[in-house]
Structures are given as C-alpha cells and as structure tokens.
Amino acid sequence: MSAATVAAVDLGATSGRVIVGRVGPKQLDTETVARFPKDPVRLTDGLHWNLVGMYGSVLTGLRKALRGPPDIASVGVDSWAVDYGLIARSRLLGEPFHYRDERTAAGVESVHARHPHVDLFARNGLQFLPFNTLYQFAAEDPELLGIADHALLIPDLIGYWLTGQARTERTNASTTGLLRADTGEWDAALLADLGIPARILAPLIAPGETLGTISGGAAEVLGARSSVTAVGSHDTASAVVAVPMTSSDAAYISCGTWGLVGVEVERPVLTDAAREAGFTNEGGVDGRVRLLRNVMGLWILSEAVRGWQREGHAIDLPTLLDSAEEITAPVAVFDVDDARFLPPGDMPRRIADWCEEHGVPAPRTRAEFARSIIESLAQAFADTAHDAARVGGVNLRVIHIVGGGALNELLCQRTADRSGVPVLAGPVEATALGNILVQARATGVLSGSLESLRDLVALTHQPRRHQPRA
C-alpha cells in the first residue's frame, strides 16, 4: 500500500473537528470536513457536556468523510482527558459532568482523607489536579456507580457508540489516577479502598490496536462499516506524536485552552523532585512517558475575550494581539496557575484582584490585559520547560510549540525570550496529525518508530523558528 486515507475525530477543549488525512511515505495532507462547537451546559446539578449532541455532530462529520472517494481505511478518536460517561444496559446515565464543575472539591477531600497526594503520586505518578477522574468518581452518586456497567472516558465512549466495544485506551487511562505508573494496569487495591467498583473500568487497549468495526445504529447512519483504530486518545498524547522533535534535547508545549509543557522520557519519573515541582507522568504512544505539567493556557485570554464580548464590545483577537504587541511599558506578570483562573468568569477582575493582593500595578486597558496574559503565560511556559528538563534529565536546547498557540506569534516569541532557547512553532493541527499518523501506521502505509513519524511531520509541516532576543 503506497497511501491511505483515514479520518480523525478530534474533540478539543472548545471545539470538535472531523479531519480527513491522506498519508504516504512523503505525504501528510489534511482536510477539515466538519467543525462544530462544544459548549458546556449548566443543568440543575452542575456543569455538563452535551455529549449526545456532540456525537450527532461527529456522525455528521464522518458521513461527509466516508462519502469518498477514496475510501476511508480507518477512523480514530481523540479528546480531552479525565471526563467520563456512565453506561448501564447500553444507555448513557446522564450527560457527563464537565471537569470545571465545582463538585470535584468534595471528591478531593474524600480521597485525600485516605490517600494524601504523596501516596497517590507514588502509585500513579500524577500531578495533583482537582478534576482527575478518581476525584470525580469519589464525588459521583454511589447509586449510579452501583448500577453502571461501564465508566468510559469521552473518546472511549464515542468508540463504544461507533462499534459496540467497551475499551479504555491506555494514554487516556493514564490521566485518571487509577492506573499504576509501575505496571501500567488498573490499581485494583486503590479502587477497592476507595469503593469504586473495578468492573466499571473497561479492559485496556493500546494505540494502533483495532477497536472494532463501525456497526449497529452508527453503521446505519453512516452507510459504512469502516474499521475504528485506537489512537493516542488523550489529545495531548496524539499531539506529542506530531511534535517534529529531531533530538531528545527538546521540550514541547501543546498549547490551546491548556498549555501542556513537558519532555518525553522512557519511564516514569516518580522522584520527590518531580512531585514537588508539580509534574505528572502520562502515557504516550509506543509506551513513551509524557513528563509534563498542566499550565492554565490560553483559556485565560479566551475567557477574558468572551467577557468583554458579553459586555457588548466587538473584539477582534488579531487586532487585540497587535495592540498588545505595541505596548512597550512593563505589564503585570501574574501566576496563571492560581486556582481562581480555573472556572469560567470575569478574568480581568480576577487578574486585577491578584495584582492588588501582590502589590503589582494592574492592567488598565484591554490591550494591557492581553499583554499581561501573554507575558504571564510565556513566563510560566519558560519556567516549566526548564523545570521539566531538569527533572527529566534533558539538556534543553529547543522548545516546540504545537496546537493553536503556535499561531500566536507574540506568545511564541516571548516564550523564546523568557526561556533563552529557540522556539519552533507548529504544526497547528498537531493533535489531528498524531491521530492520523498512528492510524496510517496501523494500516501499514507507514512503519517504524515515533521518530520516523516525526520525520514525516518535519518534512511536510516545517515549523516557524523564533530566536530568543536579548
């Protein structure tokens, strides 16, 4: 086989896409055939995803993709991590909760009463994040857990609806807090101690394995029975596949709503230094480990823009960033990972409050707020990249920024300036590309290691270089 065509379902934090990829030994082309919003919905019991509506949009996009020619050889699904749906007798028990819902605080308190984070880190290697799946399970209605047949992470749930097969893909399973870092298997002892029924966790499947064939109602809607391949279903795992790293002396930043900043290592780093520095060990494709830290990301800027728009201001983001770049006076550099910036709300007010509490002059204009956010993100990215390299034993020589943040030239340049190392920006669609590459290798049109897949990305999607300035 000299070329293959596959379809990637990529559900990001703010939007979903269906992207067709055409792949060969020197070819990696993509076409977005569907794009749809995926805004959360606040119901009486909290903040939820409209996952059923999202699945309808996925089917509409796949129907466009599968109309061909050429025939689609495979479909792969990736999404954000930690959130899940409960299934009983093939039915969804309510729309999944959103990870930003406030209920997780009770789960943290319940879990840490029995297992403080130092204990959990030794087991799962994860950074403390209050919305990790084990905390969500601890906050879940025990009656629902009792009647559920499966608890499936979002991409696994989409795969279940497409194929009827319940499996949990390994890279996403590694974000739940319920997978042992040393064995790569479900932590049966922790599940039992926390009262989480082990039977609801599906058998594990690795990227590149076949999940099943589109069947049942999905086949009727789509008029096709294409194969569904497990990919790095955690979107960051797919994004890291497509980071065009040509050496091990590199850090990566998968930058969108979140900024995932880290290095790739061969085995988990479970040292006190890693835990104290807030790092997490998440599974990667081909058994690699993503040693990274979650940084709040462009969520803060996006939420600020939405707030101004709700007030009736017409905001053009490129114009706002151009105005921010023209500012020459120093602006406030604040802690983007302060917990106050996690939930939706008035970001400019929260930034001003942080500045007041820390004796720092607050921004006054929208351009100053935007520049303050960019500078604060760049500093967090630079610091975290150096920390990741130190903890992971990497001699940092370059930082790759992929995802939507690669389009933000001011952010890329200021990250280079503040880190003191070159930044290579792109590809923007790294997550979809990684999804596509794993599928293409599974079909046999590509072969070899992650390095060979990244060589193809570097050949077809040359990054933009930002040199640090004095």
Side-chain angles (χ1 to χ4, degrees), residues 81-84 99 104-140 145 151 153 168-204 206 232 234 236-237 240 251 258 260-295 337 339 383-394:
V82 306
D83 292 339
Y84 60 89
Y99 61 86
T104 59
V108 171
E109 183 177 353
S110 172
V111 171
H112 284 182
R114 301 181 67 88
H115 294 278
H117 180 245
V118 64
D119 173 40
L120 293 173
F121 185 83
R123 306 174 79 114
N124 59 35
L126 295 189
Q127 167 190 11
F128 169 65
L129 293 169
F131 44 72
N132 281 346
T133 314
L134 83 163
Y135 301 126
Q136 294 202 45
F137 278 163
E140 187 60 81
L145 289 179
L153 299 169
T168 300
E169 188 276 318
R170 285 185 173 276
T171 69
N172 224 345
S174 74
T175 72
T176 64
L178 297 168
L179 202 73
R180 287 200 64 97
D182 53 359
T183 67
E185 302 298 329
W186 293 122
D187 191 336
L190 181 61
L191 288 163
D193 193 53
L194 296 177
I196 300 169
R199 59 176 173 75
I200 68 175
L201 298 180
L204 297 164
H234 182 201
T236 308
V240 171
W258 286 93
L260 293 311
V261 186
V263 295
E264 189 174 70
V265 294
E266 294 295 327
R267 57 186 59 85
V269 180
L270 302 178
T271 61
D272 289 342
R275 174 178 53 79
E276 291 167 359
F279 280 91
T280 198
N281 294 268
E282 294 177 354
V285 171
D286 289 2
R288 308 287 177 90
V289 174
R290 295 174 288 122
L291 179 67
L292 59 85
R293 187 162 64 205
N294 286 45
V295 177
D337 289 323
D383 291 345
T384 305
H386 280 290
D387 287 346
R390 172 179 54 82
V391 170
V394 171

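For the numbers below, each heavy atom of this structure counts, side chains included, while hydrogens, waters and symmetry mates do not. From a predicted model like this one, the values you see are computed outputs, not experimental measurements.
Remark: Y135 pairs with H112 by the side-chain hydrogen bond (donor to acceptor under 3.5 Å, both in side chains) rule, at least two apart or across chains. Under the salt bridge (Lys or Arg N to Asp or Glu O under 4.0 Å) criterion, D182 pairs with R180, sequence neighbours left out. D83 meets the side-chain hydrogen bond (donor to acceptor under 3.5 Å, both in side chains) test with W49, W80, Q136; sequence neighbours excluded.
Separating the CG atom in L291 from the CD atom in E266 is a distance of 12.5 Å, to the nearest 0.5 Å. Atoms OG1 and CG, from T280 and N124 in turn, are 7.5 Å apart once rounded to the nearest 0.5 Å. Atom CG of L201 is separated from atom OH of Y84 by 11.0 Å, given to the nearest 0.5 angstrom. Of the inter-residue distances, the one linking R114 atom CZ with D193 atom CG reads 4.0 Å to the nearest 0.5 angstrom. Taking CZ of F121 as the start and OG1 of T271 as the end, the distance is 6.5 Å to the nearest 0.5 Å.
Panel note: side chain E140, backbone L145; no donor-acceptor pair is recorded below 3.5 Å. In this structure, the side chain of H117 engages the main chain of L126 through a donor-acceptor pair within 3.5 Å. Side-chain N or O atoms of R290 include none that pairs as donor or acceptor with a backbone N or O of E264 at under 3.5 Å. Judged by distance alone, the side chain of N281 and the main-chain N or O of P268 form no donor-acceptor pair under 3.5 Å. Between the T171 side chain and the G284 main chain, no donor and acceptor come within less than 3.5 Å of each other. Side-chain atoms of S174 never come within 3.5 Å of backbone atoms of E282 as a donor-acceptor pair (strictly under, hydrogens ignored).
Heavy-atom minimum distance, V285 versus A237: CG2-O, 4.4 Å. Smallest separation of non-hydrogen atoms from G125 and A181: N-CB, 4.2 Å. Closest heavy-atom contact between V111 and A138: CG2-CB, 3.6 Å. In plain terms, the two heavy atoms of G392 and V265 that are nearest each other are O-CG1, 4.0 Å. Residue A388 comes nearest to G262 through the heavy atom pair CB-CA, 3.9 Å, listed as atom of the first residue, atom of the second, then distance. Taking all atoms of both residues into account, the shortest heavy-atom contact from L292 to Q127 is O-OE1, 4.4 Å.
Looking at heavy atoms from C-beta onward, L134 lies in side-chain contact with L120 at the 4.5 angstrom threshold. Looking at W258 and T236, their side chains never come closer than 4.5 Å, going by heavy atoms from C-beta outward. Residues H234 and L153 are not in side-chain contact: their nearest non-hydrogen atoms beyond the backbone lie 4.5 Å or more apart. Taking 4.5 Å as the limit, some side-chain heavy atom of L204 sits within range of a side-chain heavy atom of L179. Counting heavy atoms from C-beta on, the side chains of V108 and F128 come closer than 4.5 Å. Side-chain atoms of W186 and T168, non-hydrogen and from C-beta on, do get closer than 4.5 Å to each other. Residues L178 and D187 fail the side-chain proximity criterion, which asks for heavy atoms closer than 4.5 Å. The shortest distance between side-chain heavy atoms of V269 and F279 does not fall below 4.5 Å.
Within 6.0 Å of atom CZ in R390, more than 12 heavy atoms from other residues, nucleotides or ligands are found, so the atom counts as buried in its surroundings. E276 CD: more than 12 foreign heavy atoms inside a 6.0 Å radius.
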(request) Start with the C-alpha distance between R170 and E185, add both sets of side-chain angles, then the distance that settles salt bridge (charged side-chain N to carboxylate O under 4.0 Å, His left out), and finish with yes or no. (result) CA-CA 9 Å; R170 285 185 173 276; E185 302 298 329; 3.1 Å; yes
